[in-house]
Amino acid sequence: MRITNKIMQNNNLSNINTNKILQDRLSTQMSTEKKINRPSDDPVVAIRALRLRSNVTEVTQYYSKNIPDAESWLNVTEEALKNLAEVITAMQKQCTKGSNGDLKTSDRQTIIEQLKALADEVYSTGDADYAGRYVFTGYRTNTSLSFPDATEKKYSITEQLSRNDMDQVTIITTQAADGTDVMDMTPNNYNTINVTKDDIKQVDLYRFQLAYDNCDDTLPVLEYQERQPDGTYQTKTIPSVLKHDYESPYQAAAAAADGAVYVPETGELLLSKDAYDKLMETRDNVATADTNEGEIRITYEKSDWAKGDLRPEHYFYCKSDPGDADLEITYNESYLTSNVEHQDIEYDVGFNQTIRINSTADECFKHGIGRDVQDLINAMQDVVDAEKIVADMTALLKESTGADADTIQKKLDVAQKALEMKKDKAQKMFEHGISLTQGYLDDTNVSLTNVGTRSRKLELIENRMQSQKTTFETLKSENEDIDIAEVIINLSSAKLTYEASLMATGKVAQISLLNYL
């Protein structure tokens, strides 16, 4: 084949262009610090880069956003639970003090004031929030746990209880047959008080203490499952009657043969002996896993809410504005079924890995804390009131003589008996309060332990995500980024080759046929 000068020139130009392309590619790599600029440069590197970038983005989302957010939520929850534990511990200390039978009136008054302050504080910690989201209210993170102000809003509430929720309450009767009460006695009206020592009695009753007091007068509906002779269960109701304070509801309940006495002011459903016996027979049938035959449902209404009252929608199946077609809202319908919806908030914190970050109010902020403390306050206040009556009558006795002194002494003896029985009742209640508060403290500690466990698990996940993030970023860098030293050497070599090719081409271009003639 004949090689002409034109062919040599074209070949040289092609080689020079190839060298220039290599130099341009190396120069571009130097400026971008990347191996490729377009997928066609190296499809294998490009595909691997897409996968690694996706992995780095996911790990960064977990490590830099989700995990810190979850940590903050858990920290807020932990601090709130620690505050709750401190409040309950302080309540327990007051119960220990109150169980002392040799207290002065000033000591009792101090205990009352301390318990009131603690009762106001116990639920306020439940309104803790993180970034504007309440941490104890399940999915309703925009709704506070308690009412921030006094509110008028009607709710129909269904509490799901069992026979274990019936408790015994001791009542000291201080009324005479004519309705006069020794607790109303003053130095000015003692002659009108016809209470005798025989009227001062201790009455033990069984009751359901509802979650709220100051309820509506609408009679509650108490439903339970009664086993039939054929082995089936039938829904039964226990009738209730309304009794206000002035009607001595406790004495009415003690005398009732059947049914229950409803005291809306105190939120109590006092059970007759027959009603108590019926409810004690309720038991869950293990053969029916989807039904709880031992469940006792009490449905009642409440419209007036005080500041600090717990919102029922966080605890019970209930309806707000019941009967109003435009405003009625039903909450927690699943509570009445076997498929109860648990409002657990979970964060994605790793590849196919989630962690629960919230604790719900029913795990720790229970209604019983405030209700039991209020019972203790009332019992201690009864003692303080009785001590005042005894002190006033004792002072009056010192100033009296003759028949008046004898009458006052009899009244004083009645008041003294009432005082001693109330003291004994209060002492026993405060002794029992020690174990009650310990139970609530145990629940709080369990919640704290669960939060701590989640925090520890999240810490381990964070460490692993940090390691994975480093690994993926290293792999991504090795796949995409250039070796600076290698590229510099190659670029210098390409420049030298390019310059040499130009010189060689220049030499070849100078030679023609005339040089040989």
Side-chain angles (χ1 to χ4, degrees), residues 98 101 103-113 115-116 169-205 207 209 213-215 217 241-256 261-268 270 374-430:
L103 294 173
K104 298 178 181 179
T105 300
S106 58
D107 297 330
R108 300 183 194 279
Q109 195 63 51
T110 299
I111 291 174
I112 291 173
E113 295 303 322
L115 287 177
K116 285 182 178 179
V169 58
T170 298
I171 304 300
I172 308 300
T173 62
T174 56
Q175 285 185 331
D178 61 356
T180 57
D181 195 326
V182 70
M183 297 303 294
D184 297 328
M185 188 165 61
T186 67
N188 298 322
N189 70 355
Y190 66 90
N191 281 322
T192 64
I193 303 298
N194 298 316
V195 182
T196 65
K197 282 188 175 183
D198 293 336
D199 295 322
I200 309 298
K201 299 177 183 177
Q202 176 176 307
V203 178
D204 293 327
L205 297 172
R207 68 171 181 181
Q209 187 181 44
D213 57 6
N214 296 319
C215 302
D217 286 349
V241 296
L242 185 66
K243 291 288 182 181
H244 292 279
D245 289 340
Y246 61 83
E247 294 177 291
S248 184
Y250 299 100
Q251 291 180 347
V261 175
Y262 180 47
V263 190
E265 294 83 0
T266 60
E268 293 174 301
L270 308 174
Q374 189 59 52
D375 279 350
L376 295 175
I377 292 173
N378 293 339
M380 189 62 81
Q381 187 62 55
D382 284 346
V383 175
V384 171
D385 294 341
E387 285 179 332
K388 184 178 185 305
I389 293 172
V390 170
D392 290 344
M393 296 305 295
T394 300
L396 182 63
L397 179 61
K398 291 180 180 179
E399 300 172 359
S400 304
T401 58
D404 286 343
D406 293 339
T407 301
I408 294 172
Q409 183 63 57
K410 292 179 180 179
K411 304 295 183 181
L412 178 59
D413 291 343
V414 174
Q416 189 69 43
K417 181 180 179 181
L419 173 60
E420 292 303 321
M421 295 183 71
K422 287 181 178 293
K423 276 185 178 181
D424 182 66
K425 171 190 171 181
Q427 184 177 0
K428 290 179 179 178
M429 286 185 66
F430 273 83

With side chains defined as the heavy atoms from C-beta onward, is the minimum distance between Leu396 and Asp392 less than 4.5 Å?
no
Is Lys425 close to Gln202 at the side-chain level, that is, under 4.5 Å between some pair of heavy atoms?
no
Atom CD1 of Ile172 and atom CG of Asp424: how far apart are they, to the nearest 0.5 Å?
7.5 Å
With no hydrogens and no angle check, do the side chains of Thr186 and Asn189 hold a donor and an acceptor under 3.5 Å apart?
yes
Which atom names give the shortest non-hydrogen contact between Ala418 and Val182, and what distance separates them?
CB-CG1, 4.2 Å
Would you compute the distance between atom CE of Met380 and atom CG of Leu115 and round it to the nearest 0.5 angstrom?
7.5 Å
Whether Asp375 and Arg207 form a salt bridge (side-chain N of Lys/Arg under 4.0 Å from carboxylate O of Asp/Glu) is what I want to check.
yes
Look at the side chain of Thr174 and the backbone N and O of Asp181, then say whether any donor-acceptor pair between them is shorter than 3.5 Å.
no
Here the gap from Leu419 atom CG to Met183 atom CE, rounded to the nearest 0.5 Å, amounts to 8.5 Å
Distance-minimising heavy-atom pair for Cys215 and Tyr262:
CB-OH, 3.1 Å
Under 4.5 Å between any side-chain heavy atoms of Thr180 and Thr192, yes or no?
no
For the residue pair Val195 and Ile200, what are the closest heavy atoms and their distance?
CG1-CD1, 3.8 Å
Asp406 and Lys410: salt bridge (charged side-chain N to carboxylate O under 4.0 Å, His left out), yes or no, with the steps?
CA-CA 6 Å; Asp406 293 339; Lys410 292 179 180 179; over 6 Å; no
Which distance, rounded to the nearest 0.5 Å, do you find between the NZ of Lys197 and the CD of Gln416?
9.0 Å
Asp213 backbone acceptor or donor facing Thr266 side chain under 3.5 Å
no
Step by step, work out the salt bridge (charged side-chain N to carboxylate O under 4.0 Å, His left out) result for Asp413 and Lys417.
CA-CA 6 Å; Asp413 291 343; Lys417 181 180 179 181; over 6 Å; no
Ala426 versus Ala379, closest heavy-atom pair with distance
CB-O, 4.1 Å
Output the distance between atom CG (Leu397) and atom CD1 (Ile408), rounded to the nearest 0.5 Å.
6.0 Å
In Å, rounded to the nearest 0.5 Å, how long is the span from CD of Gln175 to CD1 of Ile193?
10.0 Å
Shortest non-hydrogen contact from Met185 toward Met393:
CE-CG, 4.0 Å
With a 4.5 Å heavy-atom cut-off, do Ile377 and Gln374 have their side chains touching?
yes
Going by atom types only, do Thr196 and Asp198 share a side-chain donor-acceptor pair under 3.5 Å?
no
Arg108 and Lys423, any side-chain heavy atoms less than 4.5 Å apart:
yes
Heavy-atom distance under 4.5 Å between the side chains of Asp199 and Thr173, does that happen here?
no
